[in-house]
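Please read through the structure below; I'll follow up with questions.
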Amino acid sequence: PLLYLNTVFLCLILFIAYTYFSRFTAGLTAMCLAIILVYTTCMTELKGMILSDIPCALFTLLYLAIRENGRPWNYKKVILLCIVAAFTMLIRPQSVIIAGAELALWCWFLFSRKKDRNGHMPLHYPLLLAGGTLLLFFLLSAFVFPAPGNPVTFYLGIYKSVLDEGKMWA
């Protein structure tokens, strides 16, 4: 539990540092400064798994920076966001929350009867983002980056054991 708390704190420091630095510098410079701040020696001593947390947070931050950059929405932007989110999920499968957030946004748009958000994003783009990200993730993890410890296989095993035996771990 303490390692999870450290991860939350490191990610919060990363996002807060990015927000602070982006006031004074360009987005990419702010992102690099935030990563340097989080990658200091005292931070890496807090947690051993920081080597996978930082790239995951970097790709998540990159996803948010591309998504909210103020440029008009088009299919190039959607494809780029799908690629970044899929690589985030390849680093840490728990990042599937990005696709879940896009689906929740799509449901909110659908049920609130809004055509777009701030006049920029059409209704079907969150659904395209979530579906494209999940499809790309499954294709990449199955064909391009197959691994014996594939996270999809791990989570399907847990799901199967819960359904079959009612146990979380065998």
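Numbering starts at 1 and runs along the sequence shown. Note: hydrogens, waters and symmetry copies are ignored here, and every other heavy atom, side chains too, is used.
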### Message
Quick check for you: to the nearest 0.5 Å, what is the distance between I16 atom CD1 and L37 atom CG?
### Response
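If we round to the nearest 0.5 Å, I16:CD1 and L37:CG are 10.5 Å apart.
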#### Entry: Joint cluster assignment, L139 & I79, ILVMFWY side-chain distance < 4.5 Å
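In one cluster with L139: I79, no.
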### Query
Which residues pass the ring-ring contact (aromatic ring centres under 6.0 Å, His included) test with F143, sequence neighbours left out?
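Expected list: none.
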### Message
Once side chain to side chain contact (heavy atoms under 4.5 Å, CB included) is applied, do any residues pair with L140, and if so which ones, sequence neighbours excluded?
### Response
A86, F87, L90, L136, V144, F145
### Message
According to side chain to side chain contact (heavy atoms under 4.5 Å, CB included), who are the partners of A101, at least two apart in sequence or on a separate chain?
### Response
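A101 satisfies side chain to side chain contact (heavy atoms under 4.5 Å, CB included) with no other residue.
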### Selection residues 54-63 - residue pairs positive for side chain to side chain donor-acceptor pair (under 3.5 Å), sequence neighbours left out
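Every pair satisfying side chain to side chain donor-acceptor pair (under 3.5 Å) with a residue in residues 54-63: Y63-E102.
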### Message
Please report the interatomic distance CG(L128) to SG(C82), rounded to the nearest 0.5 Å.
### Response
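Spacing of CG (L128) from SG (C82) equals 7.5 Å.
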#### Entry: Aromatic ring pairing Y75/Y125, orientation class (parallel under 30°, perpendicular over 60°, tilted between)
tilted
### Query
Do you know the tightest heavy-atom contact between V84 and F59?
CG1-O, 3.4 Å
#### Entry: Contact check, side chains of I35 and L14, non-hydrogen atoms, under 4.5 Å
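In short, these two side chains touch, coming nearer than 4.5 Å.
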### Task
Mind listing the closest non-hydrogen atom pair of A34 and F21 along with its distance?
N-CD1, 3.9 Å
### Query
Under the 3.5 angstrom rule, does the side chain of T29 hit a backbone N or O of T25 as a donor-acceptor pair?
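Not confirmed, T29 side chain does not pair with T25 backbone.
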### Pairwise side-chain contact, P126 with L103, heavy-atom cut-off 4.5 Å (strictly under)
no
### Message
With a sphere of 6.0 Å drawn around CD1 of I97, does it hold more than 12 non-hydrogen atoms of other residues, nucleotides or ligands?
### Response
no
### Message
Working note: L61 + M31, criterion side chain to side chain contact (heavy atoms under 4.5 Å, CB included); need CA distance, chi angles, decisive distance, verdict.
### Response
CA-CA 8 Å; L61 193 61; M31 193 179 307; 3.9 Å; yes
### Query
Roughly how far, to the nearest 0.5 Å, is the OH atom of Y18 from the CG atom of L64?
8.5 Å
### Task
Report the C-alpha distance between R67 and W73 in whole Å, list the side-chain angles of each, state the deciding distance to 0.1 Å, and finish with yes or no for side chain to side chain contact (heavy atoms under 4.5 Å, CB included).
CA-CA 9 Å; R67 192 178 192 290; W73 284 86; 3.7 Å; yes
### Message
Could you see if L135 belongs to whatever hydrophobic cluster contains F137? Use Ile, Leu, Val, Met, Phe, Trp, Tyr and a side-chain cutoff under 4.5 Å.
### Response
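Looking at the clustering, F137 is in a separate group from L135.
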### Query
What pair of heavy atoms forms the shortest contact from S22 to A30, and how long is it?
N-CB, 3.5 Å
### Qualifying residues under ring-ring contact (aromatic ring centres under 6.0 Å, His included), relative to Y20, sequence neighbours excluded
F24
### Task
Decide whether L129 and F138 are clustered together by the hydrophobic rule: side chain heavy atoms of Ile, Leu, Val, Met, Phe, Trp, Tyr closer than 4.5 Å, transitively.
yes
### Distance, nearest 0.5 Å, that separates CD1 of I66 from CG of L80
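So the gap between those two atoms works out to 4.0 Å.
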### A99: partners by side chain to side chain contact (heavy atoms under 4.5 Å, CB included), with sequence neighbours left out
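If we apply the side chain to side chain contact (heavy atoms under 4.5 Å, CB included) test to A99, skipping adjacent residues, the hits are A130, L134.
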